[in-house]
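In what follows, a structure is listed as structure tokens, so that the remarks can point back to it.
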Amino acid sequence: MAYRAEYIWIDGTEPVPLIRSKTKILDDGATPGIWGFDGSSTNQAPGSNSDCVLSPVFTCPDPIRGGNDVLVLNEVLLPETMEPHPTNTRAACAAVAEKYASFEPWFGMEQEYTFFKEGRPLGWPNEGYYYPAPQGPYYCGVGAVEIAGRDIVEAHTTACLEAGLAISGTNAEVMLGQWEYQIGPAGTIEVGDHMWMARYLLYRIAEDFGVNASISAKPIKGDWNGAGCHTNFSTKQMREGYDAIIAACEAIGAEGKVEEHLAGYGHGYEDRLTGLHETAHFSEFRYGVSDRGASIRIPWQVAQDQKGYIEDRRPNANCDPYVVARLITETVCSAAS
Ligand code: ADP
Ligand code: MN
Ligand code: MN
Ligand code: MN
């Protein structure tokens with residue numbers, strides 16, 4: 001019987017791209033190949049020359065449709081040359097991944113996000129003072145007062161597992177209606193593929209609940225936590241010794257690198273990296289053991305074991321994981337070469 005392939009790609013919307021998808025019916029036994037779309041509707045091409053190419057890079061079972069149906073993540077190419085489209089950040093990431101493969105980089109990315117319904121975060125009151133009680137009881141909370149949207153989170157986690165994604169955990173976050181899932185450990189290119197696929201599943205499943213899942217970095221101004229994408233990273237050397245841990249922190253904090261990384265860590269990082277709410281101010285760089293107010297945290301256990309990984313706390317929830325993984329791999333591995 002014919003089956004369905006959901007072709008997924010990242011568009012050209014600014015400042016934060018959106019995920020797009022459409023369905024292709026394939027004959028039994030056929031594999032998903034090159035396809036195209038109207039780039040003039042996604043800010044990826046002018047109307048006079050609108051065709052863009054979808055080139056499959058990662059396929060997994062479709063846990064929403066089930067059966068033989070699949071999800072197909074694509075990179076976008078230019079039709080004339082079949083070169084990467086300017087919005088294609090995966091190609092450069094893949095090149096860096098290949099260049100530094102011998103370092104065996106591993107990533108774990110903590111995707112925070114916020115559910116919205118009827119114009120406000122899920123679970124927030126629509127009367128009185130319109131704000132819930134201040135932050136405190138919500139992080140990893142249990143109970144109807146502390147939690148909003150757990151049914152969606154559970155459905156999303158099940159879907160990620162059925163799709164074979166490298167999801168490693170979930171938790172409720174500090175702001176009511178805010179959640180997190182983690183993808184990893186996974187390699188430089190794999191973490192990006194799985195992160196984008198997990199985002200697709202999140203939006204798609206929340207859609208069925210009539211809820212919008214937002215990766216806005218500072219969805220509510222004021223005394224409410226922003227949403228980040230803490231990025232945990234190690235190389236083989238870092239997993240074997242502490243000198244490589246310190247060298248990685250120093251490489252990322254080197255002159256010029258701080259600004260270069262921040263520019264690739266997601267739109268509006270200035271609003272989130274204020275120095276409050278478990279962040280370091282974007283204008284400073286510091287690393288420290290157990291320090292959740294630092295740019296890079298060395299987990300307590302890592303200092304104890306004298307090996308392991310580091311956590312770059314600066315990437316925004318709305319970052320492009322291909323860009324973040326490329327920057328960290330390139331900076332740390334080139335300095336250790
Ligand atoms: P936090 O304590 O900051 O909330 P989490 O448990 O949410 O941390 O996320 C930690 C992430 O780090 C997980 O995705 C995990 O897979 C990943 N991780 C664990 N060990 C390593 C390692 N050696 N290299 C890279 N990532 C790792
Ligand atoms: Mn976490
Ligand atoms: Mn978190
Ligand atoms: Mn973290």
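Everything numeric here is computed off the predicted structure, so don't read it as measured data. Order of listing sets the numbers, starting from 1, for every ligand and every atom in it.
Taking each heavy atom of Tyr3 and Asp27 in turn, the nearest pair found is CE2-O, 3.6 Å.
In this structure, atom 23 (N) of ligand 1 lies nearest to the protein heavy atom Ser234 OG, 3.3 Å. Protein heavy atom nearest atom 11 (C) of ligand 1, with residue, atom name and distance: Asn232 ND2, 3.3 Å. Of all protein heavy atoms, the one closest to atom 14 (O) of ligand 1 is Ser168 OG, 3.1 Å. Protein heavy atom closest to atom 21 (C) of ligand 1, with residue, atom name and distance, is Tyr309 CD2, 3.6 Å. Considering only non-hydrogen protein atoms, atom 25 (C) of ligand 1 sits nearest to Trp106 O, 3.4 Å. For atom 26 (N) of ligand 1, the nearest non-hydrogen atom of the protein is Gly108 N, 3.6 Å.
Of the listed options Gln182, Met109, Glu110, Glu110 places a heavy atom closest to atom 8 (O) of ligand 1. Looking at His230, Arg297, Gln111, Glu278 and measuring to atom 2 (O) of ligand 1, the nearest heavy atom belongs to Arg297. Nearest-heavy-atom check against atom 3 (O) of ligand 1 across Arg313, Glu311, Lys236 picks out Glu311.
When the N, O or S atoms of Glu180 are ranked by distance to the Mn ion (ligand 3), OE1 comes first. When distances from the Mn ion (ligand 4) to the N, O or S atoms of Glu311 are compared, OE2 comes out shortest. When you scan the N, O or S atoms of Glu112 for the one nearest the Mn ion (ligand 3), you land on OE2. In terms of distance to the Mn ion (ligand 3), the nearest N, O or S atom of Glu173 is named OE2. In His230, the N, O or S atom that comes nearest to the Mn ion (ligand 4) is ND1.
Look at Arg150 and Glu154 and you find no salt bridge, because none of the NZ, NE, NH1 or NH2 atoms lies under 4.0 Å from a carboxylate O. Note on Arg20 versus Asp11: salt bridge recorded, some NZ/NE/NH1/NH2 to OD/OE distance being below 4.0 Å. For Glu6 and Arg65, the salt-bridge test passes: some basic side-chain N is under 4.0 Å from an acidic carboxylate O.
Set against the non-hydrogen atoms of Pro185, the atoms of ligand 1 under 4.0 Å away are 16 (O). Set against the non-hydrogen atoms of Gly184, the atoms of ligand 1 under 4.0 Å away are 16 (O).
A cation-pi contact links Arg199 to Trp196, judged by a cut-off of 6.0 Å to the six-membered ring centre and 45° from its axis.
Not close to ligand 1: Gly169, with no non-hydrogen atom less than 4.0 angstrom away. By the 4.0 Å heavy-atom criterion, Arg292 is counted among the residues contacting ligand 1. Remark: distances from the non-hydrogen atoms of Glu180 to ligand 1 include one below 4.0 Å.
Taking CD from Glu270 and OG from Ser283, the interatomic distance works out to 11.0 Å, rounded to the nearest 0.5 Å. Between atom CD of residue Glu98 and atom OG1 of residue Thr329 there is a gap of 13.0 Å, rounded to the nearest 0.5 Å.
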Evaluate salt bridge (charged side-chain N to carboxylate O under 4.0 Å, His left out) for Arg286 paired with Glu284, printing each intermediate quantity in order. CA-CA 7 Å; Arg286 83 170 194 265; Glu284 70 160 333; 3.2 Å; yes
Could you go through Tyr265 and Asp312, starting from their C-alpha distance and side-chain angles, then the distance that decides it, and tell me whether this counts as side-chain hydrogen bond (donor to acceptor under 3.5 Å, both in side chains)? CA-CA 10 Å; Tyr265 279 6; Asp312 192 335; 2.7 Å; yes
Output, in order, the C-alpha distance, side-chain angles, deciding distance and verdict of salt bridge (charged side-chain N to carboxylate O under 4.0 Å, His left out) for Arg4 and Asp69. CA-CA 5 Å; Arg4 279 173 289 192; Asp69 296 337; 3.6 Å; yes
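Ring centers of Trp224 and Trp124: under 6.0 Å apart, within the cut-off. Not less than 6.0 angstrom separates the ring centroid of Tyr309 from the ring centroid of Trp106.
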